[in-house]
Amino acid sequence: MSRTRRYLDQLSILCLVQLRNWRWTWKPMLVMGIATPALIMFALAALSGDRGGDDAVHIAGGAITLTLMFQNTNRVAQNFAYMKAMGTLDLFRTMPVSLNALTYATVTSFFFLSLPGVVATLLVARLFLDVDVRPGLVAVPVLLLAAWALAGLGAAIGALCRSPETSSSVSLATSMALLFLGPVYIPADRLPDWLTALSHASPSTYASSAVRAAFFGQPTDGLWLDLVVLLVFGIAFSALSRRVLASAR
Amino acid sequence: MADVVFSVRNLTKSYAARGTRANDDLTFDVVRGEIFGVLGDNGAGKTTLVRQMVGLTAPDSGSVELFGRDIRQDLPRLRTTVSFMPQSSDAMNRLTVRESLYYIARLRGAGRVAARSETTSQLETWRLGESASTEAVKLSGGQRRLLQLAIATTGRLPVLVLDEPTNDLDPLNREHVWATLSALNRDLGTTVFFITHDAVEAEKIIDRVAIMRGGRILALGEPHELRREQGRRIRVAYRDRSAGGGLSWQRYAADIEDLPAIAGSLVGDDVTDLLVRTETIEDLYKSYVQNPALP
């Protein structure tokens, strides 16, 4: 069997293993992936008073980004920390299993597990914010790359933290910081300049910008740039987590 | 040389946080087809030793060779030759028992049909059939341990390294584990290296034993060799009506040469239930780890 074939086999088997995580992720998805973004959406919509306009699109885009962060950054961080604490990683590291394949399989699986939350949040946004949801084909790479960058961040947090509890706190704090310290829910022109400058270092900025363009047709001058930056974030975070996991001896 | 599976040389590992040497200059070989047990109290450095042998922990100095090559130079060979069972028993989390075994078989290279067939066989071997559809996290402690053993033996790799294989198990399952490991060794020539507290049970299958304390090996050899080193001692136990006014057990160790004199002195109406046996590995273990003269 060729190395590529063997790698792809491993990747698909590990994806199937990681997809079994639906047995525990569906409950947090209802709360953190659907109910929480919906509640924040209602609160911000009530504050802004906007329906179907630019603010509403920002709020809806922020809600999708929040769903992606909860389901990818936080869940993947939790999953990696759990695998470390419970001996799963040790088991895989003593088997002919590529850490690279394990990382990509985890990120891919949690992307699929996050899709129901994304669809539900889109429906809520359509019903209550009157935003025009019209996803084109570009929505597919947008979702993939946004989820990949955010899950890669989660993998890095999970790999770096010493316990599932620490990982849970760190990933939640990171998610909150990335969501509210940048133009995710709030348009960039209403943020102080220093915050806008700082937000260029955050994957959530590019994820939310790409989501607004791909799902709500908001004009953007940099969708492809967003996608390239998300790709770079994904590669960097995944490489970091692999490096940490490989050297954790 | 070809018969040496593991060659451990001057292996040393310290943990800065604890300020101790977990392994201090350990040197020994594990030979193909043998069952090698490591006994030691808590903190003796047993887990650190096996983690270095399977490449999970890097030594400070010294080396571990697998079939004559340093494991760090040939990790792929280590991964396809040696199967490791860690002490933690929650590795498979939300997978069911059947799924766990199937996917492990697949990851060790089996095709779909072979993996299914091996899963069925492993469920039977490790008496997990009734729990096949139960998620690993919902199993009892003993069943989780059996699942870990089933995972370790899936793929029938030629070398097994097991960290406390009988923890959490009841006496019947412990007996079953030793019998199954013994059968693997006998029928497939599997080399088994394990660490345990369970000296009494381990004695049934062990070929060679190392006794550890404070990161060092105090004794290493076949059980009968160690017994000889300790002076071929025997253990005598009997109940004595006259002792202390009631019926109580008396126990002591003696040299085997003194047996006729002991037997003669204990014949009498007050002595019942006389038991005489040679020293077990557990006796040897206690006499080594409790000997203050040893380093």
Side-chain angles (χ1 to χ4, degrees), chain A residues 1-3 5-29 75-76 78-102 105-106 109-110 113 158 162-164 244-249, chain B residues 13 47-48 50-60 71-72 75-96 98-100 102-112 115 135-138 144 147-148 151-152 154-155 157 159-163:
Chain A
M1 189 186 288
S2 73
R3 281 184 68 152
R5 172 79 196 281
R6 172 128 192 82
Y7 180 85
L8 291 175
D9 264 4
Q10 271 192 18
L11 195 65
S12 62
I13 295 165
L14 289 167
C15 270
L16 290 171
V17 168
Q18 291 292 40
L19 281 170
R20 295 301 191 276
N21 280 298
W22 70 265
R23 289 175 177 140
W24 68 271
T25 57
W26 72 269
K27 282 180 191 165
M29 183 179 73
R75 296 285 95 83
V76 170
Q78 220 170 328
N79 187 252
F80 267 93
Y82 189 89
M83 286 200 292
K84 264 171 62 181
M86 296 302 156
T88 316
L89 268 177
D90 279 352
L91 178 67
F92 285 144
R93 281 167 56 192
T94 57
M95 290 173 58
V97 168
S98 147
L99 276 180
N100 189 308
L102 178 64
T106 307
S109 307
F110 277 85
L113 294 173
R162 284 185 178 272
S163 69
V244 174
L245 293 175
S247 64
R249 294 182 183 186
Chain B
K13 177 73 185 176
T47 295
T48 302
V50 290
R51 287 181 66 83
Q52 290 173 101
M53 289 172 71
V54 297
L56 287 175
T57 299
D60 295 340
I71 57 168
R72 286 167 291 184
L75 281 175
R77 184 173 193 185
L78 179 72
R79 305 295 184 233
T80 50
T81 310
V82 179
S83 180
F84 174 56
M85 190 199 87
Q87 207 174 118
S88 162
S89 58
D90 287 329
M92 301 323 287
N93 191 16
R94 289 304 183 121
L95 292 183
T96 66
R98 187 186 300 282
E99 287 167 350
S100 302
Y102 174 77
Y103 289 127
I104 293 291
R106 296 279 283 123
L107 287 169
R108 288 204 168 117
R112 287 188 183 86
E135 288 174 32
V137 284
K138 293 178 182 166
R144 283 187 211 186
L147 173 60
Q148 290 299 97
I151 286 169
T154 292
L157 300 192
V159 184
L160 278 177
V161 176
L162 311 170
D163 192 346

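Model, not experiment: these values are computed from the prediction. The sequence lines fix the lettering, A, B, ..., with proteins before strands; numbering per chain opens at 1.
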Heavy-atom pair of closest approach, residues A/G87 and B/P86: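 Heavy atoms only, the tightest pair is O-CG, 4.5 Å.
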Shortest non-hydrogen separation from B/F84 to A/L91 and the atoms involved: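 Shortest heavy-atom contact: O-CD1, 4.1 Å.
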Side-chain (B/R108) to main-chain (A/P96) donor-acceptor, under 3.5 angstrom: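 It does not hold such a pair.
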Atom CZ of A/R23: over 12 foreign heavy atoms under 6.0 Å: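 Atom CZ in A/R23 is packed in, count exceeds 12.
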What part of [X] is in contact with chain A, defined as an atom under 4.5 angstrom from a non-hydrogen atom: side chain, backbone, both or neither?
| X | answer |
| --- | --- |
| B/E135 | side chain |
| B/T96 | both |
| B/V137 | side chain |

Per-residue contact mode, A/V97 against chain B (heavy atom under 4.5 angstrom):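 Just the side chain, heavy atoms under 4.5 Å.
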side-chain contact (heavy atoms from CB on, under 4.5 Å) between A/D90 and B/R51, worked out: CA-CA 9 Å; A/D90 279 352; B/R51 287 181 66 83; 2.7 Å; yes
When B/L107, B/L78, B/V54, B/L95 are compared by non-hydrogen pairs under 4.5 Å with chain A, the top option: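 Of B/L107, B/L78, B/V54, B/L95, B/L107 has the most heavy-atom pairs under 4.5 Å with chain A.
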Contact winner vs chain B - A/N21, A/L16, A/T94, A/L89, heavy-atom pairs under 4.5 Å: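 Ranked by heavy-atom pairs under 4.5 Å with chain B, first place is A/T94.
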Side-chain heavy-atom pair A/M95, B/I104 within 4.5 angstrom cut-off: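 They are in contact (side-chain heavy atoms under 4.5 Å apart), so the answer is yes.
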